[in-house]
Amino acid sequence: MIKKLKTNWLAIALTIVVVISLFLTAVIWSNPAQYERTRDNSSSRNLNTTQSIGDLYLPTQVVHVGAGQQQSLLYSSRKNLIAVVQKQLRIYQLGRASLVKSNNSDVYLSYLHQPNSLIISYPDSVTGTIFNETFSQSIDTSRVKQIDHILIPLKSPRNIYLLTDHGYKVYRTRISRSKGSNSLLSLTKGTSKVAVDYKLIHGQTMLLYPKGFKLPVFGYQVTSQNVDTLSQNLISTNKQSSISTEHKGNTTVYRDGENKRVVYNHQDGTIRYENYVSRDAVPKESQLYSYFFNRIAKTGIPMDNLRYDGISNQHRTISYRSYVEGFPIFNSNGYGEIRMSSKVSGMNKTWLSLYSIQVPLPIDQRMERLPSTTTVFNQLRASNHLKDVEGIRAGYLWKENTNNNSTVKLTPTYFVNYHGNWVDYTDLQK
Amino acid sequence: MNFKRIQWIFFLAFLLFDVIIAGSLLVENRFIVTNNQSNRSSLVLKEMKDDSINYGKLSSAHQNGYYLSGYRSAENGQLDAASSRLHGQEAHFADNTLTSEFNEPFNVNIETPNVRLNELVRNDHQIALGRYYQYNPNLSTKRMIVYTQNVEGRPVMNGDGQIRFRVNSNHEVTGYTQTFLEGVRILRPETTTISQKRAVIWLYKHNQIPNNSRIRWVQLGYSRLLSTNTDNRNVYIPTWVAEIKTKNSGAVDRIPINAFNSTIMKNTTTSVNTEALNRK
């Protein structure tokens, strides 16, 4: 036997290297994504922004569930709560995700009320890939397709749970390694709290506010982009001369050839950008998140307050919204908001405005009182609007720019999803 | 050619193939994905070396900071009130600044002036509100020793919270001027800033660093971004201040960079009218 090996060792070694080469070929063949991703990343990182794709797709709400299942929404003017959570989750190494339960709304709701835990929520579902990117994890994205909430038990956590509203799926993933202390235990210290309650209404999780509460009023400096620079960045061409401009009433149209067009409205400062891409450049549904991030990064719009706010898979549209201390900001003209769509036909559209907020200003205003959501629903029922309302969120109203478009006052109120639009609930009472 | 030799050639060829592919899979994927950013910045740093720009060790760690608001301590404010307890000096408060002459100038070691001055600063009868200040060797020169006020763990880099000791040619401290930032409030939760390295690279890429020069230091602190008419409050932000010395002319320049959005801060602060925001 050994003698045979000795005489044929070269043939054996040759066989081994051939087998290894076949294996390596198979690896590259089956996994070209790894190569593609490297290329993708290099273009998306802009030296001038500190924001990465994970920052744009951060969760926005932190709810603490006490020992008696009482829930409180945390917000702070000092601590960046989401950043603390992100830092802690990055320390953990999460193992295999396994499905614990699905299609049972009662069980699902009980997870959302698990005592002594933190519920970290996204405004709308994100993909497992986005979760991995944000929290430096590598959970199986073919298994966990969507995530709406992250449940972190506070007392000596062994598992982290990922919750998907669609189909009421609960995934458990084991913390296989963690170093350092748990910084989340002190998260509730020194933060403001609002009593809340997670409910399932029409198959959707909804955060309700059972008691009235107060929120501060904010003043911000409005940053106004230069329309020429912005349209040039959108069209992204170096040859300025090739962009033609055309004035028509209140609008100016910037055009580059046949397939790129920026329509700027002077009156309210809003912009619509349309372009066509070839069929093979149309992103897959799961790639929309990174596709749109790259496009926003290219516009040069300040992104530090901007967060992912919602996706519509049928319409292949994602909207991004400015946030202040974890609360969304709404404006009827769409200020502080970016909406992007990419149709299968190759038609891309972007809606945005020149205005964004960045620098907070010291102002002299008292906190404002919001009623409970029960009161709001009763009022809406009285005015016969409740049947058309599909959701409610506490947020800030960006009413109008003051002082020659240079400042804005943000006042807290509720916004209800009325016929597909988020409107200030007080507008429905008139 | 015998069969054995052909086997040898095939063996070596496949081995080479395996090593290269395995190497690229392991090395490229890991390194390009994670170190892309630093790869590019190290390229820029090399370019700077070629332009004979010298610099010390630059940190690539991200820092954190706040948007703060505060106002210069004014007449009857904290600084003015605390200055009534001062002894052995002629102090007067005007224009939001405390100016004082020591009755008896004293000697300091110009290399380590803080040894003597720390004693002074810790004493309420010598320096008002001294416990809020710390020696800042970067901002200090032979003729002026600077102590900076600490707000939220970082020094005030502009003139709104500093003690500047005047030193004469005999290494004697003769007096000082002092400003104090009062009523500091946080306007927005903690946010990540750009790293020291990134700040320097940004300056270089925007032609702010002349060839044949030396970056002496780059320090993160708070500087005034704008002023408002809400109780004279100003807005302060984390700022990387870089001191650059041109080797030929010896000219020294300090450039402040907004550490949140990497832009150069203007020397004159803009003032924002917040009247409309304060209306009830």
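Sequence lines set the chain letters: A, B, ... in the order given, protein chains first and strands last, and positions in each chain run from 1.
Here CZ of B/F14 is found 10.5 Å from OG1 of A/T15. Values are rounded to the nearest 0.5 Å. Atom CD of A/Q221 is separated from atom OG1 of B/T270 by 6.0 Å, given to the nearest 0.5 angstrom. Taking CD1 of A/I363 as the reference point, atom CG of B/L187 lies at 9.5 Å (rounded to 0.5 Å). Between B/I6 atom CD1 and A/L10 atom CG the span is 11.5 Å, to the nearest 0.5 Å. Rounded to the nearest 0.5 Å, atoms OH (B/Y67) and OH (A/Y220) are 8.0 Å apart. For the atom pair A/N80 CG and B/T192 OG1, the distance stands at 7.0 Å (nearest 0.5 Å).
For chain B, the nearby parts of A/A13 are the backbone and the side chain; heavy atoms of each come within less than 4.5 Å. Proximity to chain A (any heavy atom under 4.5 Å) is shown, for B/I237, by neither the backbone nor the side chain. A/S21 touches chain B through backbone and side chain together, each having a heavy atom under 4.5 Å away.
Of the listed residues (B/T274, B/N273, B/N229), the greatest number of heavy-atom pairs within a distance under 4.5 Å of chain A belongs to B/N273. For the options A/D304, A/V324, A/I20, A/T402, heavy-atom pairs under 4.5 Å to chain B are most numerous at A/I20. Heavy-atom pairs under 4.5 Å with chain B were tallied for A/G219, A/P302, A/S77; the largest tally goes to A/S77.
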- Let me see the working for B/L277 and A/Q365 under side-chain contact (heavy atoms from CB on, under 4.5 Å), right down to the final yes or no. CA-CA 8 Å; B/L277 301 178; A/Q365 291 283 355; 5.7 Å; no
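Using a 4.5 Å heavy-atom cutoff, the side chains of B/V235 and A/P360 are not in contact. The side-chain heavy atoms of B/P189 and A/R78, taken from C-beta on, include no pair separated by under 4.5 Å. Side-chain contact check for A/T25 versus B/F17: some heavy-atom pair is nearer than 4.5 Å. A heavy-atom distance below 4.5 Å is found between the side chains of B/L226 and A/L361.
Atom CD of B/E275 is surrounded by 12 or fewer heavy atoms from other residues, nucleotides or ligands within 6.0 Å. Residue B/R185 qualifies as open at atom CZ: its count of foreign heavy atoms under 6.0 Å is 12 or below. Other residues, nucleotides and ligands contribute at most 12 non-hydrogen atoms within 6.0 Å of the NZ atom of A/K399.
In this structure a side-chain-to-backbone donor-acceptor pair under 3.5 Å is present from B/T230 to A/P362.
Residues B/R188 and A/N305 have side chains that bring a donor and an acceptor to within less than 3.5 angstrom of each other.
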